[in-house]
Number of protein chains: 2
Amino acid sequence: MARREKIPPASPEQRDTYHHGDLKRALTEAALGLVSEKGPKGFTLREVARRAGVSAAAPYRHFADKADLLAAVATQGFVQLHETLNAVAAETTDLHARMVNMARAYVYWAVSHPDYYQAMFGAETDKSDHPELLTAGGRAFADLLDAIAQCQEAGILPNGDPLEIAGPTWSLLHGISTLSIGHDLSHVGIRDDPQALAERSLKALLLA
Amino acid sequence: MARREKIPPASPEQRDTYHHGDLKRALTEAALGLVSEKGPKGFTLREVARRAGVSAAAPYRHFADKADLLAAVATQGFVQLHETLNAVAAETTDLHARMVNMARAYVYWAVSHPDYYQAMFGAETDKSDHPELLTAGGRAFADLLDAIAQCQEAGILPNGDPLEIAGPTWSLLHGISTLSIGHDLSHVGIRDDPQALAERSLKALLLA
DNA sequence: ACCTGAACACCGTTCAAGT
DNA sequence: ACCTGAACACCGTTCAAGT
């Protein structure tokens, strides 16, 4: 009775076999839940399989190994981050405010989803082995790049390769995010307010 | 013959029993080696014990658990980083150059010791549980803080709480370090030159 | 084609027992 | 006091066998 019941697929051509309807999706969703409950640390393939109601060997039909499933989780994280940044960019017309709001949104999303963020940037995931993870990450980064390019066109930022500005900016936001998640800011006596820190730092970095 | 021979302790009051001379030190050194060989990922307590030539249970006489031993490794990392920063500060008299050189030294040490850096800032280590790790980290951070304070006295940086400047600065250097270690810079098309990026970013952040 | 059951080679951790 | 040996409850992964 502890097991969750399998939801039969809605499509009528699927018979009621012992087969799972869409195990791949069920596994990624179980993995998503497990990561946000216990972090990538307490993430085990066997537990994911248990939650999906299948045997420990079943995931290997759909994922090469544990790292492959974790990469799928990280990919979802980048998709979410991209959607968040995109929404903020769309709802802010003033270019100056847009940069600030995107910076605040970036760190806010990161500290609100520490386990996703860790799956996305932690050492357990090597992006080179997972091309779809690279493209998802690239899309989120492109949001930042676009905002910078538009500021350059408007004369708010100095002209040149947007990457030259995106490098320091992303490093700053990533650093604030990871230090805040690890409680390292407060450990050395810095007030743990990542959004305020991001806004203040970004202004110092770009708009001096 | 694969096992390393135990080095008998020099102190004469130690008899030649089956006891290890200084197992705690031997374990941390084995752990240090293992971390820099395979990273904190391939770090297992049983392998550390094997390298020290003791049983799998022996480490528990000296460390509460695996995390406690990893914290000892991280502490050593902070000690090394502190010594590095301190040396750079001592050998550069010009305050402007000192800030830049310390920034370059920070990211260079980080990317040269990715496994230590991961042990120091990775999610597997919770600093709150290990006070000696907090103090070691605090000492390294104090190097940055001191350099900033001296720049403020010399009028190179604006007056006020040094923490207000240290927060953005550390975030920036930490972000550059972790993104470079994870190969995330090159993945999005940024040239992976952390020292150059650190110098350029720091100047934009502080000396505008 | 997709999944199970059992197995293999590991883990971290505990605890009685040895010296 | 310090360490060993054996045990427990787990892992990730593989593979024959089932449906």
message = Quick check: do B/Gln76 and B/Thr28 have side-chain heavy atoms less than 4.5 Å from each other?
response = no
Its dot-bracket string being built from Watson-Crick and G-U pairs below 3.5 Å, with | for another strand and [ ] for crossing, DNA chain C has the pattern ||.|||||...|||||.||
Contact between B/Glu91 and B/Asn101 at the side-chain level, heavy atoms closer than 4.5 Å - yes or no? no
Is it the case that the side chains of B/Thr178 and A/His174 hold a donor-acceptor pair, with the cut-off being a distance below 3.5 Å and no angle test?
yes
Residue pairs passing the salt bridge (Lys or Arg N to Asp or Glu O under 4.0 Å) test with at least one member in residues 52-78 of chain B, sequence neighbours excluded, are none
Is there a side-chain contact between B/His62 and the phosphate of D/dC2, meaning an N or O under 4.0 Å from OP1 or OP2? no
Residue pairs passing the ring-ring contact (aromatic ring centres under 6.0 Å, His included) test with at least one member in residues 65-91 of chain B, sequence neighbours excluded, are B/Phe78-B/Phe121
To the nearest angstrom, the CG-P distance between B/Leu23 and D/dA1 comes to 17 Å
| field | Check: A/Ser180 side chain, A/Ser177 main-chain N or O, donor-acceptor pair, under 3.5 Å | value | no
B/Arg46 meets the salt bridge (charged side-chain N to carboxylate O under 4.0 Å, His left out) criterion, sequence neighbours left out, with none
B/S/- along nucleotides 6-15 of chain C (protein heavy atoms under 4.0 Å) is -B---BBBBB
Under 3.5 Å, which donor-acceptor pairs do the side chains of residues 163-172 of chain B form with other protein atoms, sequence neighbours left out?
unit_1: B/Thr169; atom_1: OG1; unit_2: B/Ile165; atom_2: O; d: 2.7
unit_1: B/Trp170; atom_1: NE1; unit_2: B/Tyr106; atom_2: OH; d: 3.1
unit_1: B/Ser171; atom_1: OG; unit_2: B/Gly167; atom_2: O; d: 2.8

